[in-house]
Amino acid sequence: MNARGAGNHGTMGQFLRLLLVVAGIALAGSAQARDWVDVVTTPWEDPLLTRPPVLDSGKVLPGDTDPPPCAGDIASDGAELLQPLALTRAVDLALCHNPQARSAWAAIKVQAAAVGEARAAYLPTLSASGSRLNDQTRYPGSNLPATDLNSDTLSGNLSWRLLDFGGRDANRESANALLGAALANHDAVVQKILTEVVGAYFDAQTAQATWFARQTSASLSRQTLETARRREARGSGAQSDTLQAATALARATLERNRAQGAYHKALLALVYALGLPTGTPVTLAEDLLDSANRMQQDLHAWLEQARIQHPALLAARAQLESAKEKVIATRAEGLPTLDATGSFFQNGRPNQGVTTIKTQETQAGVTLNIPIFDGFARTYKVQGAQAQVEQKEAELQDTEHQVLMEVLKAHADARAALANLTASQDLLAAAQEAIDTVQHKFARGAADILEILNTQTALSDAQQERIRCLADWRSARLRLLSTAGLLGRGEVDQTMPREGHSGLHLLKADRVQKIKQGEDQSDRSSTNLDASRRQDDPGAKLVLVWTGVLSSWVRDEGPSPAVIR
C-alpha cells in the first residue's frame with residue numbers, strides 16, 4: 001500500500017540524493033569542500049554593509065594621502081633589502097609584515113562582523129526543512145495485510161521581532177562603538193610600530209655613524225704613528241713618542257672593532273622590528289640630514305592635539321561608549337518583547353508520525369513575551385554592566401594620563417635635543433680646526449706627541465657628541481609626533497636627504513681633495529697615504545667619506561632652537 005503518488009516520490013528522491021552528494025563533499029574535508037560550504041551558507045559577502053572602507057582602501061596615516069604599499073611578500077621584500085634601505089621603505093615593510101599590525105587589522109574585521117550580527121537582529125529569520133518518511137507495519141501470525149506508507153513532509157518557519165524596548169538599538173550602538181575602538185586601536189598600534197621602527201632605524205644609523213667615526217680616529221692614529229716613526233728615524237723624535245702613538249692606534253682599533261659589532265647588532269634589531277626573517281641582510285641608505293622642522297606649536301597645543309585625536313584615547317572613549325550601551329541592552333533584556341511568527345506544515349509537523357492522508361497547515365500569530373522572575377539574575381547582570389562602565393572610565397583617565405605624560409616628556413626631549421645641535425656643531429668645528437693645526441705642527445716638530453694625542457681624543461669625543469645630538473634630535477622629533485598621534489609616512493619623509501643636498505656623494509671628492517692638500521702642505525713624505533692602498537682599500541675610502549660628512553654637519557645651519565616653545 002502506498003499513500004503517496006509517484007510524482008512526489010521522484011521529487012523527494014532527487015532532493016535526498018542531492019543532499020547526500022552535498023554531505024559527501026562536505027565530509028571529504030578538502031579545501032574545495034570548504035568553498036562549497038561557504039557558498040551555500042554565506043552567499044553574500046557583506047549584505048548589511050558593515051565592512052569599513054578602510055579594509056578595502058587601506059589605512060592612510062596622519063598627513064598622508066595614500067596607504068603604505070604592501071604588494072610584495074616577505075621573500076620578495078627581503079630580497080629587496082639588498083638595495084640601500086631608506087627610512088620610508090623600512091616603515092612600509094614594518095606596517096606590512098609586523099604581526100601586531102596584522103592582528104590589529106584582523107580585530108577590525110572581527111568587530112565589523114559583530115556589527116553585522118547586531119544589524120541582523122532587525123531582520124526576520126526564515127527556516128525550512130523537508131523529510132521523507134517510510135512506515136512499514138507487519139502483523140505476524142495474523143491474516144491482516146501488511147502496510148507500507150511513504151510520507152513527504154515539508155515545513156517552514158518565519159519569525160520577526162517587532163518590539164524589544166531598545167535592546168537591539170543598544171546592542172547595535174555598542175557594536176558600532178567597538179568597531180570604532182578597533183579602528184582607533186589599529187591606529188595606536190601603527191603609531192607604536194612607527195616609533196619602534198624609526199627608533200631602530202636611527203639606532204642603526206647612529207651605530208653606523210659611530211663605526212665610521214671610529215675608523216676616522218683609527219686612520220688619524222695610524223697617520224700619527226707613521227709620522228712619529230719617521231721623526232724617530234730622522235732623529236727628531238723620541239722612541240717614547242712612537243710607543244705612545246702605537247698605544248693610541250691600538251686603542252682606536254679596539255674601539256673601531258667594538259663599534260662595528262654594535263652596528264651589526266643594531267642591524268639585527270632593525271630586521272626584527274621590520275617583522276622580517278632573522279638573518280635578512282640589510283644595507284642602510286645614506287645618512288640622513290634633517291633639513292626641515294615644522295615644530296611650531298607650544299606645549300599646550302601639543303597636549304590639546306593629543307587629547308583630541310590620539311588613537312589610544314579615541315579607542316578608550318569608544319570602549320566607554322560601548323560599555324554604556326551594554327547597560328541599556330542588559331536592562332532591555334528584562335522588558336517585554338513582541339514577535340510575529342508564521343509557519344507552514346505539509347503532511348504533518350516535524351518528528352510526527354506518518355499520516356495516511358495529505359495535509360497542509362498554516363499558522364500565523366503574534367507572541368508577547370513578558371519576563372517575570374529569573375532568580376534575580378537580571379539584577380546582577382545590570383550591576384556587572386554598570387561596573388564595566390566604571391572600569392572603562394578609569395581606563396580612559398589612565399590612558400589620557402599616560403598619553404599626556406609621554407607628550408610632556410617627548411616635548412622636553414625635543415627642546416633639549418634641538419638646543420644641543422648648535423653646541424655640538426661648534427664643538428665639532430673647534431675640534432676639527434684644532435686637529436688640522438696640531439697635525440701641521442707635529443709634522444714640523446713644533447708639537448709633542450701628548451698634544452696631538454689629546455687633540456685626537458678631543459676630536460673623537462666631538463664626533464661622538466655630534467652623532468649623539470643628531471640621533472637625539474631625530475628620535476625626539478618623531479617621538480613627539482608619535483606620542484601626539486600625528487606620525488605618518490609624510491613626517492618620516494622630512495628626515496630623508498634632499499635631492500642635490502644629500503651628504504655623502506657630493507662632499508666626498510671635496511673633502512678628499514682638502515685632506516690631500518693639507519697633507520701635501522704639512523709633510524708629503526710623512527703623511528700621504530699610499531695611493532694604491534687608497535684606491536683598493538674600501539675602509540680608507542669610508543673614512544674619508546665620513547670625514548666629509550662630519551664637515552658637512554659643521555657647515556649645516558640646522559633648525560633654530562627657537563622653533564619649539
Side-chain angles (χ1 to χ4, degrees), residues 84-88 90-91 194-217 255 259 262-263 266-267 269-270 284-295 409-432 458-482 487 491-498 501-508 511 542-543 545-564:
L85 177 64
L87 178 56
T88 50
V91 168
L194 286 175
T195 303
E196 294 176 352
V197 171
V198 169
Y201 190 91
F202 283 152
D203 288 343
Q205 283 279 4
T206 302
Q208 185 185 54
T210 302
W211 178 34
F212 290 169
R214 293 305 184 187
Q215 292 188 56
T216 302
S217 300
E255 292 175 350
Y263 169 56
L267 286 181
L270 176 59
L284 297 181
E286 292 182 353
D287 192 67
L288 307 179
L289 298 178
D290 295 298
S291 58
N293 154 44
R294 298 191 293 178
M295 310 272 153
K409 294 179 180 179
H411 187 269
D413 291 342
R415 290 187 59 185
L418 187 57
N420 290 334
L421 283 181
T422 302
S424 64
Q425 288 175 351
D426 297 338
L427 177 62
L428 182 59
Q432 188 66 57
L459 176 61
S460 178
D461 293 341
Q463 292 171 349
Q464 293 302 307
E465 288 298 331
R466 181 58 179 170
I467 294 170
R468 186 179 299 110
C469 289
L470 280 173
D472 290 344
W473 161 245
R474 294 165 179 169
S475 60
R477 183 178 74 84
L478 294 179
R479 189 168 64 252
L480 177 58
L481 292 168
S482 175
L487 184 58
E491 291 294 342
V492 172
D493 282 337
Q494 296 299 318
T495 18
M496 296 305 296
R498 293 176 296 173
H501 192 269
S502 179
L504 288 183
H505 63 280
L506 293 180
L507 295 172
K508 177 179 177 181
R511 184 57 184 169
L542 199 57
V543 168
V545 169
W546 179 242
T547 306
V549 174
L550 293 177
S551 298
S552 70
W553 281 345
V554 173
R555 293 194 297 271
D556 187 21
E557 294 180 359
S560 171
V563 295
I564 290 188

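Numbering of residues begins at 1 and proceeds along the displayed sequence. Scope of the values below: all heavy atoms of this structure, side chains included, with no hydrogens, waters or symmetry mates.
With rounding to the nearest 0.5 angstrom, the CD atom of Q205 is 11.0 Å from the OG1 atom of T210. Rounding to the nearest 0.5 Å places CZ of F202 at 5.0 Å from CG of L87. Atoms CG and CG, on L421 and D426 in that order, are 11.0 Å from each other to the nearest 0.5 Å. Atom CD in Q464 sits 4.0 Å away from atom CZ in R214 (nearest 0.5 Å). Distance OG1/T206 to CG/L470: 8.5 Å, rounded to 0.5 Å. Atom OG of residue S460 and atom CD of residue E465 lie 10.5 Å apart, to the nearest 0.5 angstrom.
Closest of all the heavy-atom pairs between Y201 and A90 is CD1-CB, 4.0 Å. Closest approach of A266 and A204 over heavy atoms only: CB-CA, 3.7 Å. L428 approaches A462 most closely through the heavy-atom pair CA-CB, 3.9 Å. Residues Y263 and A207 come closest through the heavy atom pair CA-CB, 3.6 Å.
With contacts defined as side-chain heavy-atom distances shorter than 4.5 Å, the pair D203/L270 does not qualify. For the pair D413 and L480, the minimum side-chain heavy-atom distance is 4.5 Å or more. The closest side-chain heavy-atom distance from L194 to S482 is not below 4.5 Å.
No donor-acceptor pair under 3.5 Å is formed between the side chain of R477 and the backbone N or O of D472.
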